[in-house]
Number of protein chains: 2
Amino acid sequence: MAARMTRQRAAVVEALDELADFRSAQQLHETLRARGESVGLATVYRALQALAEASEVDVLRAEDGESLYRRCARREHHHHLVCRHCGRTVEIDGPTVESWASKVAAAQGFDDIEHTIELWGTCADCRASSKG
Amino acid sequence: MAARMTRQRAAVVEALDELADFRSAQQLHETLRARGESVGLATVYRALQALAEASEVDVLRAEDGESLYRRCARREHHHHLVCRHCGRTVEIDGPTVESWASKVAAAQGFDDIEHTIELWGTCADCRASSKG
DNA sequence: CGAAGTCATGAGAACGATTCTCACGCGGCG
DNA sequence: CGCCGCGTGAGAATCGTTCTCATGACTTCG
Ligand SMILES: [Mn+2]
Ligand SMILES: [Mn+2]
Ligand SMILES: [Zn+2]
Ligand SMILES: [Zn+2]
C-alpha cells in the first residue's frame with residue numbers, strides 16, 4: 001500500500017532533504033518551481049501530508065497558523081527550537097519535560113495525552129543581520 | 001486609553017467568565033446569540049483580540065488551527081491541560097519546564113525566546129460518556 | 001443642550017492557507 | 001488494444017479570521 005513514488009513526490013522529498021529548516025508548503029512549492037521542477041501546489045500539499053502520516057516529516061504551526069514542514073534527522077519523538085525569522089531549527093530532547101508532561105496530565109485524570117512543546121526565538125544570524 | 005466598555009464587550013467578558021473552558025470565537029458568538037444578546041461576529045473577534053492584548057484572556061490554537069479563548073484565573077504566565085473534546089481546562093505551572101526552555105534556547109544562541117507548551121487529552125467525563 | 005470628534009459596531013466582502021473536484025494522464029496487466 | 005487504479009493539477013470551494021465602510025454611540029467642548 002506504499003504510495004507510488006512519482007517524479008513529483010521525489011522532488012518534494014529532495015527539496016526537503018536539501019533544506020535543513022522548517023518550510024511552508026508554499027515555500028517548498030516556490031523552491032521547486034524556481035529550480036525548474038514543475039509540481040502543482042496541491043501535489044506538494046498531498047506529498048507533505050503523506051510524508052507526515054508516515055512520520056517522515058515533522059509538522060508544526062507557525063505563530064500565524066501556517067504549517068511548517070521539516071525532514072528531521074531523527075525519527076523518534078523530539079521537539080524543536082525554531083528561528084521565527086528564517087526557520088533555522090535545532091532538534092532538542094527533553095526527557096525531563098516528557099515525564100513532567102505525562103505526570104501532570106495523568107494526575108488530572110486525563111487520557112490520550114499529547115503535548116505540544118516548541119521553542120521560538122531569533123537565531124544568531126538573524127539577530128546580526130537585522131540590527132547589529 | 002483603555003478601550004471603551006460597551007454593551008457588546010461586556011457581554012463577551014461575561015460569557016467568558018461564565019464559561020470555564022477554552023472556547024472559539026464562533027462558539028462564544030453562538031452562546032451570546034442564544035441568550036438573546038445581539039453581538040456581531042466581527043465584534044466578538046475584536047473584543048477577544050483586545051482582551052488578549054491586555055492579557056485578560058489566554059489564546060491557544062486547537063489542533064485544527066482554530067483559536068480558543070479563555071479567561072484564566074491567574075494572570076501570570078502558565079500553561080494548560082485541555083480536553084480536546086469539551087475544552088475543559090486545568091491550569092498548570094511548570095517551573096522546571098520554564099528554566100529548561102530558556103536554558104536550552106540560550107545555549108543555542110537564540111534570542112527573544114518564547115515557548116509553546118500545551119497538553120491535550122481526554123478528560124474523565126468525556127472518556128466516560130464516549131465509551132464506558 | 002447641540003455640534004464636532006472619536007471610537008465601536010456589524011454586514012458583507014476580502015483574505016489566505018488548505019482541501020476538494022474532476023477531467024485527464026500514466027503505467028501495468030490481460 | 002482496452003480496462004483499471006491511482007496520481008496530477010488548475011481552479012473552485014472551504015473556513016476561520018480580518019478588513020471595509022457606512023452608521024451609531026459616546027465624549028468633549030462651546
Ligand atoms: Mn515531548
Ligand atoms: Mn512557560
Ligand atoms: Zn534565523
Ligand atoms: Zn472533556
Side-chain angles (χ1 to χ4, degrees), chain A residues 1-16 21-54 56-70 82 84 87 118, chain B residues 1-16 19 21-54 56-70 82 84 87 116 118:
Chain A
M1 298 289 128
R4 226 175 250 177
M5 180 54 60
T6 62
R7 169 182 68 77
Q8 290 89 340
R9 288 185 191 186
V12 169
V13 170
E14 192 189 322
L16 282 166
D21 311 327
F22 272 97
R23 289 294 148 81
S24 70
Q26 315 224 20
Q27 283 178 317
L28 287 164
H29 180 242
E30 191 44 50
T31 297
L32 293 171
R33 178 161 289 265
R35 72 169 62 166
E37 294 273 2
S38 168
V39 182
L41 178 57
T43 300
V44 172
Y45 273 106
R46 280 185 289 238
L48 290 171
Q49 194 171 290
L51 289 166
E53 261 160 36
E56 291 281 328
V57 300
D58 279 12
V59 191
L60 62 82
R61 294 286 190 123
E63 288 166 345
D64 68 0
E66 200 173 10
S67 290
L68 304 178
Y69 304 84
R70 179 176 192 260
V82 185
R84 64 171 73 82
E118 303 296 343
Chain B
M1 298 296 124
R4 229 174 247 178
M5 181 54 62
T6 61
R7 168 182 67 79
Q8 290 88 340
R9 288 188 191 183
V12 169
V13 170
E14 192 189 322
L16 281 166
L19 267 18
D21 310 327
F22 272 97
R23 289 293 148 84
S24 71
Q26 314 221 23
Q27 284 177 318
L28 287 165
H29 179 242
E30 192 44 49
T31 297
L32 292 172
R33 177 161 290 264
R35 71 169 65 164
E37 293 274 0
S38 168
V39 182
L41 179 57
T43 300
V44 172
Y45 273 107
R46 279 186 290 239
L48 290 171
Q49 195 170 288
L51 288 166
E53 261 160 37
E56 291 280 329
V57 301
D58 279 14
V59 192
L60 60 81
R61 295 286 191 121
E63 289 167 344
D64 67 359
E66 199 173 10
S67 290
L68 304 179
Y69 305 83
R70 178 177 193 261
V82 185
R84 65 172 73 81
T116 304
E118 301 297 343

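We name chains A, B, ... by the order of the sequence lines, and we start the count at 1 in each one. Just so it is clear, the structure is predicted and the values come from calculations on it, not from any experiment.
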| note | Rounding to 0.5 Å, atoms CG (Leu19(B)) and CG (Leu28(B)) come to a distance of 6.5 Å
| said: When you measure from the side chain of Glu53(B) to the backbone of Ala50(B), do you find a donor-acceptor pair of N or O atoms at a distance under 3.5 Å? | reply: no
| task | Measure the distance from NE2 on His29(A) to C1' on dA17(C) and round it to the nearest whole Å. | result | 14 Å
| field | Leu41(B) vs Ser67(A), nearer the 5' end of DNA chain C by closest nucleotide | value | Leu41(B)
| task | To the nearest 0.5 angstrom, please state how far the CZ atom of Phe22(A) sits from the OH atom of Tyr69(A). | result | 11.0 Å
| Which value, rounded to the nearest 0.5 Å, describes the distance between Glu14(B) atom CD and Leu32(B) atom CG? | 8.5 Å
| field | Nucleotide nearest Thr43(A) when distance is taken to its side chain, options dT8(D), dT18(C), dC20(C) | value | dT8(D)
Would you give me the side-chain donor-acceptor pairs under 3.5 Å for residues 56-65 of chain A, sequence neighbours excluded?
from     : atom 1 : to       : atom 2 : distance (Å)
Glu56(A) : OE1    : Arg71(A) : NH2    : 2.8
Glu56(A) : OE2    : Arg75(A) : NH1    : 2.8
Asp58(A) : OD2    : His78(A) : NE2    : 3.3
Asp58(A) : OD2    : His80(A) : NE2    : 3.3
Arg61(A) : NH1    : Gly65(A) : O      : 3.2
Asp64(A) : OD1    : Glu66(A) : N      : 3.0

Side chains of residues 33-48 of chain A: which donor-acceptor pairs under 3.5 Å do they make with residues two or more places apart or in other chains?
from     : atom 1 : to       : atom 2 : distance (Å)
Arg35(A) : NH2    : Glu18(A) : OE1    : 2.9

| query | Rounded to whole angstroms, how far apart are CD on Glu66(B) and P on dT19(C)? | reply | 15 Å
| said: Below the 4.0 Å mark, does dG16(C) have OP1 or OP2 next to a side-chain nitrogen or oxygen of Gln26(A)? | reply: no
| query | Starting at CD of Gln27(A) and ending at P of dA17(C), how long is that distance when rounded to a whole Å? | reply | 10 Å
| field | Members of residues 44-52 of chain A that approach DNA chain C, where some heavy atom sits under 4.0 Å away | value | Tyr45(A), Arg46(A), Gln49(A)
| Which residues pass the side chain to side chain donor-acceptor pair (under 3.5 Å) test with Arg70(A), sequence neighbours left out? | Glu91(A)
| task | Send over the distance from Glu63(A) CD to dA17(C) P, rounded to a whole Å. | result | 16 Å
| request: Considering just the side-chain nitrogens and oxygens of Thr6(B), establish if one lies under 4.0 Å of OP1 or OP2 belonging to dA8(C). | output: no
| remark: Arg7(A) atom CZ is separated from dG9(D) atom C1', nearest whole Å, by 11 Å
| note | Atom CD of Glu53(A) and atom C1' of dT19(C) are separated, to the nearest Å, by 14 Å
| When all nucleic acid strands are considered with a 4.0 Å heavy-atom cut-off, which category describes Ser38(A): base, sugar-phosphate, or nothing? | sugar-phosphate
| Rounded distance (Å) that lies between atom C1' of dC24(C) and atom CD of Gln8(A) | 14 Å
| task | Grab the CG-C1' distance between Leu32(A) and dG9(D) for me, whole Å please. | result | 14 Å
Check nucleotides 27-30 of chain C for protein N or O atoms closer than 3.5 Å to its own N or O atoms and list the pairs.
none

